[in-house]
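Input: a single structure, listed below in structure tokens.
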Amino acid sequence: MKAIAFVDYENIWTSLLDRGFDLSPEQLVQFLQLYSDRNDIYLMAIYLYANFDREEFWRTQTSFEKTNVFTRHVYGKNNYSSTELRRNAADLELMLEAQEILLTRAATFDMFLFLTGDGDFLSLLRKIRAWGKDVKVIGVSGSVHHALQPYCEEDDLLQWILQEKHEPEYQPEQDLEQGIQILGTLQIRLPYVASTKARSALTELLGRSISQVKEFIRYMLKEDILREKEHPDPNLRIGKTKIYLLNLKKPKVQEVLGNLYENVSERQLKLSLE
């Protein structure tokens with residue numbers, strides 16, 4: 001059976017994050033490959049929709065493209081800071097593209113597979129089934145709209161992740177001292193430490209995966225070791241960016257920085273005056 005998959009990535013990712021799991025591109029692709037092999041499906045194409053400007057999806061678009069997933073970047077904001085959010089933009093793009101494929105290449109696919117839990121797709125699923133195509137929905141247990149249940153597979157992404165456990169559970173506190181040193185050094189060397197720069201440096205110097213670095217930063221923010229704020233930058237189109245600052249009032253930060261403490265303190269004072 002020839003199939004095409006449509007992935008409402010933000011819906012799936014958020015549903016899993018609410019349960020404590022950060023779904024990586026590699027995990028999602030592996031799940032689809034295993035699903036296809038198990039059900040004797042020839043998965044001809046995977047289309048994935050998300051706002052890749054979101055900080056949480058940093059570098060994921062490249063990771064997906066490397067695994068032959070066709071990504072569709074649907075921005076949540078225009079490039080001008082005064083504009084409003086484009087709500088449900090990814091949903092609309094997915095619906096339009098799925099209908100276009102149904103109308104123009106109906107003979108190419110026998111099955112339309114959707115990874116989502118969003119009930120807004122019900123009308124689309126009914127139309128595809130009315131054209132005589134097989135329609136399947138895979139979601140996250142507890143986050144699938146009741147209207148989609150008749151289309152749902154027994155397969156569940158949450159249960160699959162719980163069973164797989166691809167990498168050992170990460171303990172962010174074990175990287176705390178080295179992470180403080182890395183961020184402290186960045187604060188001295190750079191005019192400011194943008195969130196993207198911080199993640200890039202931590203990924204490389206800690207030797208951790210992207211998902212682990214995201215968890216590490218969340219841990220530091222939760223423990224109030226790290227703080228985030230918006231910083232003005234006229235060189236950027238939107239005129240501002242998000243930066244990270246070590247909380248110099250924390251004894252642990254003072255201890256780890258040691259001789260770097262005064263330099264970091266001077267840099268933060270300068271930033272506050274800009």
Side-chain angles (χ1 to χ4, degrees), residues 7 9-10 12-31 48 50-67 69 71 73 76 157-158 161-162 164-231 233 236 240-248 250 252-253 255-257 260 264 267-268 271:
V7 182
Y9 186 56
E10 293 189 60
I12 292 293
W13 183 87
T14 302
S15 297
L16 286 170
L17 187 67
D18 289 343
R19 289 155 178 79
F21 297 95
D22 189 354
L23 179 69
S24 70
E26 295 76 15
Q27 285 178 309
L28 179 60
V29 172
Q30 184 179 9
F31 171 81
L48 183 141
N51 174 14
F52 289 102
D53 283 340
R54 281 187 60 163
E55 180 183 350
E56 297 89 344
F57 298 156
W58 176 65
R59 287 189 178 179
T60 56
Q61 188 170 20
T62 299
S63 298
F64 279 123
E65 292 286 350
K66 286 181 178 179
T67 55
V69 174
T71 60
H73 166 57
L157 274 165
L158 177 60
I161 287 176
L162 288 172
E164 291 297 313
K165 287 287 186 181
H166 296 291
E167 59 182 27
E169 186 176 353
Y170 174 57
Q171 302 294 333
E173 56 271 19
Q174 65 187 323
D175 289 327
L176 184 57
E177 292 192 4
Q178 188 178 356
I180 290 173
Q181 291 172 351
I182 292 169
L183 294 173
T185 301
L186 287 177
Q187 284 194 240
I188 295 172
R189 292 178 178 176
L190 301 174
Y192 60 76
V193 182
S195 57
T196 51
K197 180 63 178 178
R199 290 193 303 268
S200 178
L202 291 168
T203 301
E204 178 182 356
L205 298 175
L206 291 178
R208 298 296 184 182
S209 67
I210 293 172
S211 61
Q212 287 172 334
V213 166
K214 290 177 181 177
E215 185 176 347
F216 178 66
I217 290 175
R218 285 196 294 267
Y219 168 78
M220 295 186 78
L221 291 170
K222 180 182 177 182
E223 297 297 320
D224 198 28
I225 293 169
L226 192 67
R227 292 177 175 177
E228 60 183 10
K229 60 174 289 187
E230 284 192 346
H231 181 72
D233 189 336
L236 300 176
K240 59 185 177 181
T241 188
K242 184 165 73 173
I243 67 172
Y244 289 135
L245 296 168
L246 289 168
N247 182 2
L248 299 181
K250 285 283 187 176
K252 182 66 175 179
V253 175
E255 174 190 344
V256 173
L257 288 179
L260 296 178
V264 175
R267 171 59 68 185
Q268 290 199 10
L271 276 175

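In this chain, residues are counted from 1 in sequence order.
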Answer yes or no: is there a side-chain heavy-atom contact under 4.5 Å between [X] and [Y]?
| X | Y | answer |
| --- | --- | --- |
| Leu205 | Gln181 | no |
| Phe64 | Val29 | yes |
| Ile243 | Val193 | no |
| Val7 | Leu28 | yes |
| Leu271 | His231 | yes |
| His73 | Gln61 | yes |
| Thr71 | Phe52 | yes |
| Ile225 | Val253 | yes |

Quiz prompt | Residue pair Tyr244, Arg227: steps toward the side-chain contact (heavy atoms from CB on, under 4.5 Å) verdict | solution = CA-CA 6 Å; Tyr244 289 135; Arg227 292 177 175 177; over 6 Å; no

Quiz item: Residues two or more places apart in sequence or in another chain: which of them pass salt bridge (charged side-chain N to carboxylate O under 4.0 Å, His left out) with Glu65?
Solution: none

Quiz prompt | Pairing residues for Glu10 by the salt bridge (charged side-chain N to carboxylate O under 4.0 Å, His left out) criterion, not counting sequence neighbours | solution = Arg54

Exercise. Measure centre to centre between the rings of Tyr9 and Phe57, then say whether the value is under 6.0 Å.
Key: yes

Test item: [X] side-chain N/O and [Y] main-chain N/O as donor-acceptor pair under 3.5 Å:
| X | Y | answer |
| --- | --- | --- |
| Gln178 | Asp175 | no |
| Asn247 | Asp224 | yes |
| Gln187 | Leu246 | yes |

Approximate separation, where rounding is to 0.5 Å, of [X] [atom1] and [Y] [atom2]:
| X | Y | atom1 | atom2 | result |
| --- | --- | --- | --- | --- |
| Ser24 | Gln30 | OG | CD | 8.5 Å |
| Asp22 | Gln27 | CG | CD | 8.0 Å |
| Leu226 | Lys250 | CG | NZ | 12.0 Å |
| Ile12 | Phe31 | CD1 | CZ | 8.5 Å |

Exercise. Answer yes or no: is there an ion pair linking Lys252 with Glu223, defined by an N-O contact shorter than 4.0 Å?
Key: no

For residues [X] and [Y], report the shortest heavy-atom separation together with the two atoms involved.
| X | Y | result |
| --- | --- | --- |
| Ala198 | Leu183 | CB-CD2, 3.9 Å |
| Tyr170 | Glu215 | O-OE2, 3.6 Å |
| Leu202 | Gly179 | CD2-CA, 4.1 Å |
| Arg59 | Ser200 | NH2-OG, 3.6 Å |

Exercise. May I ask you to check whether over 12 heavy atoms, not counting those of Lys242, lie within 6.0 Å of atom NZ?
Key: yes

Quiz item: For the side-chain contact (heavy atoms from CB on, under 4.5 Å) test, which of Ile217, Leu221, Leu245 pairs with Glu228?
Solution: Leu221

Quiz item: Stepwise, does the side-chain contact (heavy atoms from CB on, under 4.5 Å) test hold for Leu248 with Gln268?
Solution: CA-CA 9 Å; Leu248 299 181; Gln268 290 199 10; 3.8 Å; yes

Quiz prompt | Step-by-step side-chain contact (heavy atoms from CB on, under 4.5 Å) determination, Arg199 to Thr196 | solution = CA-CA 5 Å; Arg199 290 193 303 268; Thr196 51; 3.2 Å; yes

Practice problem: Decide yes or no on side-chain contact (heavy atoms from CB on, under 4.5 Å) for Met220 and Phe216, but give the supporting numbers first. | Solution: CA-CA 6 Å; Met220 295 186 78; Phe216 178 66; 3.3 Å; yes

